[in-house]
Colleague: 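The structure that follows is given in the form of structure tokens.
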There are 2 protein chains.
Amino acid sequence: MTADPHFPNILMIRKLESIFTLSDEEKQALRDLPIQVISLKDDQDIVRIGDRPSQCCLVLEGFTCVYKLTSEGKRQIMALHVPGDIPDLQSLHLKVMDNSIASISPCTVGFIQHEDLRRVCEHYPRLTAAFWRETLVDASIFREWLLNIGRREAYTRMAHLLCEFLMRLEAVGLVEDGFFDLPITQAELADVIGTSSVHVNRVLQALRADGLIQTKRTQVTIPDWEKLTVAGEFDPLYLHLEGGDAA
Amino acid sequence: MTADPHFPNILMIRKLESIFTLSDEEKQALRDLPIQVISLKDDQDIVRIGDRPSQCCLVLEGFTCVYKLTSEGKRQIMALHVPGDIPDLQSLHLKVMDNSIASISPCTVGFIQHEDLRRVCEHYPRLTAAFWRETLVDASIFREWLLNIGRREAYTRMAHLLCEFLMRLEAVGLVEDGFFDLPITQAELADVIGTSSVHVNRVLQALRADGLIQTKRTQVTIPDWEKLTVAGEFDPLYLHLEGGDAA
DNA sequence: CGACTCTTTGAGGCTCATCAAATGTAGTGG
DNA sequence: CCACTACATTTGATGAGCCTCAAAGAGTCG
């Protein structure tokens, strides 16, 4: 990671700019946002269900996950977040956390105080819209995951998840030639797609056997994007990767 | 339904007021919003995936659902909306619909132009926050449904869904003594909880046999709320039914 | 009363969970 | 460099939950 103390701010600005055109003033306001950076090992809770946080968390490096547990202790991961995402942006308007957020790989995150974020939003309504939109895209991904988990079988689900990951990582420059790092265990993948780790293992073997993915440690290569999207019934519409400025 | 031409506006105001305290000016602005009311039979699409709507839809009477189809034509319902909800509020900031919305019972809905909604939000930032919060609660429900579908079995899932429905309908005054109307077929319930209609039928029988619900036509009675919440592992936290004003 | 839709029931099979154990792969300290 | 530990992946076997197909009852409505 760059030593630039403003790297978190720049990451956030780049992310918003991929959708909205920001004025110099807006960019400056974002650049001036105080962001407290900390590093985490994997599997560390960042916020917990029931908390009443006074800050939001911006992912800088690595991946985080949003999860909940059933009363029998089964875990469901509802979302994965990559650098540039703000997994608990909702806490700006919902006092109590209704889910927990944890690092799923070693990662770096930045904390932004709610009051600072609110102040910026008050002065720059277009930034309010931009942040609001971020939470709407998150919601859109939840919907797609509901379809995935509710109505597709494990093989398709996994292919779909890998497609989504590739696209989202590509958007932040973390993919080269269909090749990216996925530092997530099979047990965690199981918690994402709602199956068991044993079954994840078998599904991954099937995907490899069908030539849809190649894996080496935590590295994943997609040799044939077209084929994987077909196997995963993947249509990137729901990611809303372009066109944010209101009509 | 009342003949009052401002009924839709009043419904919206009441909904927001259950969370935020609104000033007279804010209320007046909402009362002045033009809303075009129309009636629908059941199973009618209101907006479709891929559409670029220029208006939002406020549910006035009956229920609507948010759904998507897999390429094999299987349907997953991602959300149910009750009077007072705005199922496609997201379209204010996401140009293209990533899901379809349909009536699931005969219903009345009101359409509000995006431009009108935007104008109100510009003048009253607290209303922006209130609408933003609505979309955040929707997202919170998506997360809970992901846990439900991904990690709980059908019996628990159904109990959970009925708990949620009771609470949400109670919030808009549509429940009396644990008794409410649920004009939804078992096939539709199956699309909600991600199973088959045959299995829904068996699960409902089991719930009846266990004394957790009583049904008569589309009428549902919950004789023992406490027992049903245990069976459904239900914790209403995720509905965020109170406390919206920022700290 | 017939046409339609929805609910209910049965039977067989498939997907996937669970349990348990073996193998593989870092990371640590001697 | 090797033994040792801690995890993660892989494999096998068994069974539970649920799907699908098919057909029979029950409401509901013109």
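Here the structure is a predicted model, which is why all the values come from computation and not from measurement. Computed over heavy atoms, backbone and side chain alike; hydrogens, waters and symmetry mates excluded. Chain letters run A, B, ... following the sequence lines, proteins first and then strands; every chain starts at 1.
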Colleague: Using heavy atoms to find the nearest nucleotide of DNA chain C for A/Ser196 and A/Arg217 separately, return the residue whose nucleotide is more 5′.
Modeller: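 Checking each residue's closest nucleotide, the 5'-ward one belongs to A/Ser196.
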Colleague: Hydrogens and angles aside, do A/Gln205 and A/Asn201 bring a side-chain donor and acceptor to less than 3.5 Å of each other?
Modeller: yes
Colleague: Grab the CG-P distance between A/Leu182 and D/dT9 for me, whole Å please.
Modeller: 11 Å
Colleague: Taking atom C1' of C/dT15 as reference, at what distance in whole Å does atom CD of A/Gln205 sit?
Modeller: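 For the pair A/Gln205 CD and C/dT15 C1', the rounded distance is 16 Å.
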Colleague: Please report, rounded to the nearest Å, how far the C1' atom of C/dC6 is from the CD atom of B/Gln186.
Modeller: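 Those two atoms, CD and C1', are 8 Å apart.
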Colleague: Would you please confirm or rule out a distance under 4.0 Å between OP1 or OP2 of C/dT8 and any side-chain N or O of B/Asn201?
Modeller: yes
Colleague: Quickly work out the B/Leu207 CG to C/dT7 C1' distance and round it to whole Å.
Modeller: 16 Å
Colleague: Would you say CD of B/Glu72 has more than 12 non-hydrogen atoms from neighbouring residues, nucleotides or ligands within 6.0 angstrom?
Modeller: yes
Colleague: How far apart are the C-alpha atoms of A/Val109 and A/Ile38, what are their side-chain angles, what is the distance that settles it, and do they pass the side chain to side chain contact (heavy atoms under 4.5 Å, CB included) test?
Modeller: CA-CA 6 Å; A/Val109 299; A/Ile38 71 165; 3.7 Å; yes
Colleague: In whole Å, I'd like the distance from the CG atom of A/Asp191 to the P atom of C/dA17.
Modeller: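 About 11 Å, once rounded to whole Å.
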Colleague: Using whole Å, what does the distance between atom P of nucleotide C/dT9 and atom NE2 of B/His199 come to?
Modeller: 15 Å
Colleague: Regarding B/Thr185, tell me which of base, sugar-phosphate or nothing describes its non-hydrogen contacts under 4.0 Å with the strands shown.
Modeller: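 It contacts sugar-phosphate atoms only.
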Colleague: Toward the 5' end of DNA chain D, which comes first, B/Val198 or B/Val203, by nearest nucleotide?
Modeller: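 That would be B/Val203.
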Colleague: To the nearest Å, give me how far apart CZ (B/Arg152) and P (D/dG17) are.
Modeller: 17 Å
Colleague: State, with a plain yes or no, whether a side-chain heavy atom of B/Leu212 is found less than 4.5 Å away from one of B/Tyr155.
Modeller: yes
Colleague: Take atom CE of B/Met158 and atom C1' of C/dT7, then tell me their distance rounded to the nearest Å.
Modeller: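 The distance from CE of B/Met158 to C1' of C/dT7 comes to 13 Å, rounded to the nearest Å.
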Colleague: Is a donor-acceptor contact shorter than 3.5 angstrom present between the side chain of B/Arg202 and the base of D/dG17?
Modeller: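 In this structure, the two groups form no donor-acceptor pair.
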Colleague: Within the structure shown, what part of the strands sits under 4.0 Å from B/Arg157 by heavy-atom distance: base, sugar-phosphate, or nothing?
Modeller: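 Here B/Arg157 touches the backbone only, sparing every base.
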Colleague: Just call it for A/Arg208: base, sugar-phosphate, or nothing, with non-hydrogen atoms closer than 4.0 Å on any strand.
Modeller: sugar-phosphate
Colleague: Are the side chain of A/Ser105 and the backbone N or O of A/Phe63 linked by a donor-acceptor pair below 3.5 Å?
Modeller: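 Answer holds: yes.
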Colleague: So what does A/Thr195 hit on the nucleic acid, given a heavy-atom distance under 4.0 Å: a base, only sugar-phosphate, or nothing?
Modeller: sugar-phosphate
Colleague: Using a heavy-atom cut-off of under 4.0 Å over every strand shown, decide if B/Lys74 touches base, sugar-phosphate, or nothing.
Modeller: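 Here B/Lys74 touches the backbone only, sparing every base.
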